[in-house]
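Notes follow once the structure below has been shown.
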Amino acid sequence: MTAKYKPNSIETKWQQYWEEQRTFYTREDSDAPKFYMLEMFPYPSGRLHMGHVRNYSIGDVVARYKLKCGYNVMHPFGWDAFGLPAENAAIERGVHPAGWTYSNIKDMRGQLQKLGLGYDWDREIATCHPEYYRWEQQIFLRAFEKGLVYRKKALVNWSEKMQTVLANEQVIDGVDYRYGLPVVQKELTQWFFKTTAYAEQLLDGIDNELDENWPKRVVLEQRSRIGKSHGAKVVFTLEEEIDGETELPVFTTRPDTLWGVTFMSLAAEHPMALKLAAGTDKDTEVNAFVQKVLAEDKRKRGSEDYEKQGVFTGRYCVNPVNGTRVPVYVANFVLMDYGTGAVMAVPAHDQRDFEFAKKYDLPIKVVIHPDENSSLDAATMESAYTEDGVQVNSEQFDGMNNRDAIEKIADYLAEKGWGGKTINYRLRDWCVSRQRYWGAPIPVIYCDKCDVVPVPEDQLPVMLPENVKFEAEGGSPLAKCEEFVHTTCPKCGGPARRETDTFDTFMESSWYQLRYASPRYTDGPVDPAAIEKWLPVDQYIGGIEHAVGHLMYSRFYHRLMQDLGYFPKSVSSEPFKKLLTQGMVCKETRYTLDENGNPKWHTDDDIDENGNSRINGEKVLTGRVEKMSKSKYNGVDPEAIMARYGVDSARLFVLFASPPENDLVWKDEGVDGVHRFLSRVWNMVQQRKEALVAAASFTGSPDSLSAAGKELHKLTHQTIMGVTGDVDGRFHFNTAIAKCMEFMNVISKFTPAAGNDADASVQKDAVLALVNLLSVFAPHVCEEMWQQLGQEGSISTVPWPSYDEDAVKESTITIAIQVMGKMRGTVEAPAGCSKDEMEKLAFAHDNIQKHIEGKTVRKVIVVPGKLVNIVAN
RNA sequence: GCCAGGGUGGCGGAAUUGGUAGACGCAAGGGACUUAAAAUCCCUCGAGCUAUUGCUUGUACGGGUUCGAUUCCCGUCCCUGGUACCA
């Protein structure tokens with residue numbers, strides 16, 4: 001009788017051991033090559049979910065593997081600790097955000113340690129700590145000095161009821177999430193980073209460094225967010241000077257249609273919209289229209305069924321190329337934050353302009369014909385012609401291919417001083433002001449005399465005051481905190497007010513990967529020497545939901561800090577060298593239907609043994625596989641799984657069930673499966689322990705082995721090769737684990753030939769290799785088995801096994817034989833068998849003879865070591 | 001609409017360069033052990049024929065290239081994600 005596999009005590013034992021031995025702490029004195037492994041840090045919600053388990057298990061495999069390969073691994077962990085849930089908890093339960101957050105961190109840290117994840121806890125950071133956010137304030141001020149930060153008015157979602165600004169996700173169909181009352185658009189002066197100044201650099205970074213190493217999808221989304229587009233600026237002149245303005249510039253990608261312009265459309269937010277109408281008989285109408293459009297929320301304006309509307313301003317402008325007078329409209333579909341907020345309208349060649357012209361009965365003028373032989377008639381057109389063609393009605397450009405005309409006309413504009421080629425980006429500047437409490441205060445003071453005054457660096461950090469009240473209504477707690485707001489002006493010493501907005505929490509997550517390199521540095525946000533040593537992150541892992549937001553801001557911030565001189569230009573300009581985006585963890589949903597036919601979701605525990613609901617007695621139905629969520633009740637608590645199967649089984653399952661980038665479907669039976677596998681390995685080790693310990697490692701020639709011994713020897717090396725290939729760079733942990741299972745299946749059937757020491761040695765090497773390979777996936781049980789097998793030290797620091805090139809070679813190969821491309825049999829042949837011999841063996845095969853009988857052999861294709869295909873008819 | 005990715009057994013998934021489709025696991029069925037059950041072990045497992053060695057068919061669908069296609073090309077359908085008045 002041997003001891004059963006009982007994971008829990010083994011797991012506690014080795015977690016303690018790793019912590020005592022500081023196994024996964026970075027070695028600062030090491031001269032081994034560095035490897036910086038990072039997973040996206042979590043928001044400390046208080047409880048770990050399966051998505052975390054998956055993300056951090058994947059990262060842990062990579063970190064452990066790299067450590068075993070001899071790298072000096074840095075694998076830090078921290079907390080993205082500012083954010084809205086803490087404030088909600090404060091409002092709902094009266095607990096202070098700080099206390100709530102720190103206690104959540106404590107709980108989650110405990111859970112992570114129970115998962116056996118190898119982190120360097122000395123580097124732990126929490127972004128809500130003043131020693132973290134003080135540097136963020138400094139970076140902001142230095143960027144401000146350099147002109148990379150500025151203030152401007154921007155629209156926010158404003159709730160009258162709550163007297164506060166809401167995030168986009170707190171606004172549902174124009175009403176707030178809490179009371180369901182209307183949310184209006186309000187203009188506030190807010191702080192912005194000039195991310196647009198880095199648009200071209202961010203694109204270059206993708207081209208030069210990320211294209212090959214980041215998932216295609218992410219690269220694509222980043223590119224489209226930057227949205228570079230080549231076009232031309234065209235300056236239209238106003239008929240008369242209005243409020244000091246004489247020009248109305250537009251951006252167009254189609255300067256070839258310039259002669260087809262029949263009107264102009266301005267965004268409702270365009271600074272000239274109201275000014276143009278002032279003094280005309282359209283004044284009231286335009287005012288009303290602009291008011292109406294501005295009141296509509298962003299979501300509605302972006303929706304598909306939003307009706308295109310516009311109104312004439314009563315003014316005209318002049319097309320520089322032909323002096324044509326065109327009416328200026330205000331249109332609700334023109335975006336202020338793309339291009340110049342003004343669009344030259346060419347109804348014949350743009351669908352929106354076409355519909356607009358039809359609706360308001362504006363002229364349509366064709367300037368491109370499909371080709372020389374076909375023409376378009378403005379009077380009978382049913383939609384805009386947006387394809388390529390030949391220029392007409394365009395004076396000296398007539399007859400030219402429009403693609404060429406785009407270039408030529410842009411050059412012509414430049415020559416005449418009417419505009420010229422230009423590049424436009426979709427990327428917008430980053431608004432970092434948030435009207436919230438639980439964030440880093442923006443370090444600025446407003447003085448009646450001196451206007452905007454940055455807080456002097458030696459007065460940082462601007463601490464978040466603790467003594468504030470949290471209420472659902474009545475606005476920002478910071479703005480109501482008198483002792484925070486009232487201050488003196490650093491310039492003139494007079495009374496002044498502090499900025500009460502805090503930073504967007506993307507600010508903290510934009511540079512945490514830099515802070516980890518020197519987490520306790522007190523002379524600045526980062527120690528340049530540490531950055532030079534550790535950056536960039538060699539492997540970054542996280543959710544696809546951050547494909548643009550976080551990853552774009554971090555890339556920007558990295559360059560910004562580099563430009564501000566925080567670390568040298570010799571460091572890569574990209575923070576994350578390689579990126580892996582892991583899929584979601586999903587599970588079947590279970591539900592019953594209520595009297596209205598709406599689903600009511602159930603947890604597995606709500607269901608009795610007959611498949612009925614314990615709540616309402618109804619038959620429970622199985623719904624779609626969906627992302628685990630609280631609302632669908634299909635979540636699985638990691639703690640419960642760990643208690644039932646052990647950590648190693650939980651980890652092994654999430655790694656085995658599907659490749660990391662795919663969504664993973666959670667199945668308890670699947671965990672049973674991997675648990676069974678670990679038990680089989682465990683039992684095998686228990687049963688053969690004495691023989692394994694007694695045997696020596698295999699050193700002799702394979703000739704001394706039994707036939708089965710030879711096979712096992714070969715398979716050992718093949719498995720090492722295969723698993724290494726799967727793990728290294730490819731992250732195909734599912735196939736790596738499958739190979740270990742196959743290996744185990746062979747080992748379990750193997751018995752050393754009686755009296756054959758070489759066989760016993762090969763068995764020992766096989767088991768040691770298996771335990772070593774598996775140790776990156778299921779570390780605790782492997783540590784224990786390693787020790788039981790009489791091995792020195794911790795498997796976590798034992799080198800990853802290597803394989804012998806000669807040992808993996810097959811002595812005989814199976815050759816596939818086809819007739820006319822169809823499989824008709826296989827034959828065994830010695831390795832390195834010549835083409836002629838292969839052909840001979842193929843023809844000697846009974847079944848092959850049957851298939852070629854009475855036919856003429858036209859051709860024989862021989863792929864060495866693989867197959868023979870006989871073409872006969 | 002546009003862009004991208006995908007579609008392989010009952011299920012999750014393998015097949016790294018065009019060369020034996022379905023590794024490994026789950027589920028299912030059968031058997032051994034047991035008084036019995038659990039656990040464990042062994043066997044079967046794409047579909048259809050067939051007496052067993054065999055044959056036909058099969059990687060969403062329709063074509064093509066090739067001695068040979070899950071893999072390459074063209075077209076169609078469906079799914080998933082991103083994006084959407086971007087001038």
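Reckoned from all heavy atoms, side chains included, excluding hydrogens, waters and symmetry mates. Remember, predicted model here, so these are calculated numbers, not experimental data. The sequence lines fix the lettering, A, B, ..., with proteins before strands; numbering per chain opens at 1.
- Checking B/C85, B/U20, B/C24 against every side-chain atom of A/Lys308, the shortest atom distance belongs to B/C85.
- The distance from atom CD of A/Glu269 to atom C1' of B/C86 is 15 Å, rounded to the nearest whole Å.
- The P atoms of B/C24 and B/C45 are separated by 12 Å, rounded to the nearest whole Å.
- Contact between the side-chain N/O atoms of A/Arg680 and the OP1/OP2 oxygens of B/C41 is found at a separation under 4.0 Å.
- In this pair, A/His550 and A/His546 present their aromatic rings perpendicular. The plane angle is above 60°, beyond the 30 to 60° band.
- Rounded to a whole Å, the CG atom of A/Leu220 is 14 Å from the P atom of B/A84.
- When the P atom is compared between B/U80 and B/G13, the two are found 16 Å apart, to the nearest whole Å.
- No side-chain heavy atom of A/His845 sits under 4.5 Å from any side-chain heavy atom of A/Ile815.
- Base contact: A/Arg426 has a heavy atom under 4.0 Å from a base atom.
- Of the residues in residues 827-856 of chain A, those lying under 4.0 Å from RNA chain B by heavy-atom distance are A/Asn847, A/His851.
- Contacts of A/Ile861 with the nucleic acid, taken as non-hydrogen atoms under 4.0 Å apart, include base atoms.
- Spacing between atom CG of A/Leu335 and atom P of B/U83 amounts to 16 Å, rounded to whole angstrom units.
- You'll find that the side chain of A/Thr814 is closest to B/U20, out of B/C3, B/U20, B/G19.
- In terms of the side chain to side chain contact (heavy atoms under 4.5 Å, CB included) criterion, residue partners of A/Val665 (sequence neighbours excluded) are, by chain and number, A/Val625.
- Comparing A/Thr735 and A/Ile870 along RNA chain B, the residue whose closest nucleotide (by nearest heavy atom) sits nearer the 5' end is A/Thr735.
- Sorted by residue number, the members of residues 649-675 of chain A with any non-hydrogen atom under 4.0 Å from RNA chain B read A/Phe656, A/Ala657, A/Ser658, A/Pro659, A/Asn662, A/Asp663, A/Lys667, A/Glu669, A/Gly673.
- A/Ser224 comes within 4.0 angstrom of nothing in the nucleic acid, heavy atoms only.
- Residues from residues 337-358 of chain A placing a heavy atom under 4.0 Å of any atom in RNA chain B, listed by number, are A/Tyr338, A/Val343, A/Arg352.
- For B/C41, neither phosphate oxygen OP1 nor OP2 lies less than 4.0 angstrom from any side-chain nitrogen or oxygen of A/Lys749.
- Residue A/Glu742 is classed as a sugar-phosphate contact, given heavy-atom separations below 4.0 Å to backbone atoms only.
- Paired with A/Arg223 under the rule side chain to side chain contact (heavy atoms under 4.5 Å, CB included), one option of A/Leu202, A/Val218, A/Leu203 passes, and it is A/Leu203.
- A/Ser229 is linked by a side chain to side chain contact (heavy atoms under 4.5 Å, CB included) to A/Phe251, A/Thr253, A/Tyr338, A/Asn424, counting only residues two or more places apart in sequence or in another chain.
- B/C26 and B/A14 are spaced 15 Å apart, taking the C1' atom of each and rounding to whole Å.
- Looking at RNA chain B, the stems built from 3 or more consecutive Watson-Crick or G-U wobble pairs, each pair with its key distances under 3.5 Å, are B:1-7 with B:77-83, B:10-12 with B:24-26, B:28-32 with B:40-44, B:46-49 with B:54-57, B:60-64 with B:72-76.
- Within 4.0 Å of A/Ser265, counting heavy atoms only, lies no atom of the nucleic acid at all.
- With B/C67, B/A87, B/A21 as the choices, the nucleotide that has an atom nearest any side-chain atom of A/Asn869 turns out to be B/C67.
- The closest side-chain donor-acceptor pair between A/Gln351 and A/Glu355 falls under 3.5 angstrom.
- As judged by a 4.0 angstrom heavy-atom cut-off over every strand, A/Arg428 is placed among residues making no nucleic acid contact.
- Atom P of nucleotide B/C85 and atom CE of A/Met336 are separated by 16 Å, given to the nearest angstrom.
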